[in-house]
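First comes the structure, then the notes that go with it.
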Amino acid sequence: MRRKVIAGNWKMNNDLQQSVNLIEELKSKLANKTLNCDVVICPPFTSLYEAKKIIDGSIIKLGAQNMFYEDSGAFTGEISASMLKSVGCEYVILGHSERRTIFGEKDEMINKKVRKAISQNLKPILCVGETLEEREKDVTEKVVKRQIEKGLNYVTPDEVLNVIIAYEPVWAIGTGKTATPEQAQEVHAFIRKLLASMYSKDFAELIPIQYGGSVKPDNAKELLSQKDIDGALVGGACLKADSFIGIIDAA
Ligand code: PGA
């Protein structure tokens, strides 16, 4: 059985005080719950250190939204995997569509990041997904296949068990348009089959595949009940404790 992972991608939201307030609210509201899923929050870099102090001893885990693949050096503005580890991160989102489109990240660079994250014991959440244009051209599977094959290039079977895939159709991100549970399940099943062909069926069964794109408390249950949907990567709805917890409850 794969354990579901609900991760909140805060994006560029919440300064330090706002972060502290939100995490304290989440922590206290989750304190008495017995959960069937893992809960991860990914605040901005500037809040990670304080976030770790607050979540210590709770079930909430910490992730970052990006990192660079070099260890250190002249890379102005970048953050390394070991820096993320040093403030208590266990996860890192890589290849988010906003990184790909706004910051021009390509599969090759994302692959270097994935491998560096794994080598530093960070679990990469590798994001993949098609644009609306690509869906309309009926190339969704082709795009997702390329992103996964290139993103996981040189990643060994042992290493891939530390990876989470997040399928996020770009047209569903922040738009209020969600893929139907059937549309999402279809792509998730395709991804699982692809992973089986790249690794093995047994390994593919162990890799969590999250869905992301306008997940809300009222659509989470149906999405998360699909056979191959193993959690959610949540943007907008993770910025309020009650809506994020609504999604956790659905899981
Ligand atoms: P959204 O974002 O939930 O606001 O659509 C999801 C994401 O970008 O990870």
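Below, all heavy atoms of this structure are taken into account, side chains as well, without hydrogens, waters or symmetry copies. Whatever order the structure lists ligands and atoms in, that order sets their numbers, starting from 1.
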Enumerated ligand 1 atoms positioned under 4.0 Å from heavy atoms of [X]:
X    : value
L233 : 6 (C), 9 (O)
H96  : 7 (C), 8 (O), 9 (O)
G213 : 5 (O)
G174 : 1 (P), 4 (O), 5 (O)

Item checked: Part of N9 with heavy atoms under 4.0 Å of ligand 1, whether side chain, backbone, both or neither ->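 N9 to ligand 1: side-chain contact only, backbone stays beyond 4.0 Å.
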Check: Any idea which part of A172 is under 4.0 Å from ligand 1, heavy-atom wise: side chain, backbone, both or neither?
Finding: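 Only the backbone of A172 comes within reach of ligand 1.
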Do the charged groups of [X] and [Y] touch, with an N to O distance under 4.0 Å?
X    : Y    : answer
K145 : E141 : no
D71  : K116 : yes
K193 : D228 : no

Is [X] close to ligand 1, meaning an N/O of one under 3.5 Å from an N/O of the other?
X    : answer
E168 : yes
V234 : no
G236 : yes

Between ligand 1 and [X], can you find any atom pair, the residue atom being a heavy atom, that is separated by under 4.0 Å?
X    : result
K11  : yes
S214 : yes
G212 : no

Check: Is there a donor-acceptor pair closer than 3.5 Å between any side-chain N or O of S214 and the backbone N or O of A172?
Finding: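 Checking the backbone N and O of A172 against the side chain of S214, a donor-acceptor pair under 3.5 Å is found.
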Item checked: Point-to-point distance, once rounded to the nearest 0.5 Å, from CD1 of I6 to CD1 of I245 ->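 Rounded to the nearest 0.5 Å, the CD1-CD1 separation comes out at 12.5 Å.
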Notebook entry, point to check: Can you check side-chain contact (heavy atoms from CB on, under 4.5 Å) on K4 and Q210, steps first, answer last?
Noted result: CA-CA 8 Å; K4 288 187 174 19; Q210 294 176 316; over 6 Å; no
Check: Nearest protein heavy atom to atom 3 (O) of ligand 1, by residue and atom, and its distance?
Finding: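 That would be G235 N, 2.8 Å.
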Checklist line | Exercise: do N21 and E25 side chains pair donor with acceptor under 3.5 Å | finding: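 No, no side-chain donor-acceptor contact under 3.5 Å.
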Notebook entry, point to check: Are a donor atom and an acceptor atom from the side chains of E133 and W171 found within less than 3.5 Å of each other?
Noted result: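 There is no such pair (donor and acceptor under 3.5 Å, judged by atom type) between the side chains of E133 and W171.
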Item checked: Heavy-atom side-chain proximity of I23 to E50 below 4.5 angstrom ->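 No. Closest side-chain heavy atoms not under 4.5 Å.
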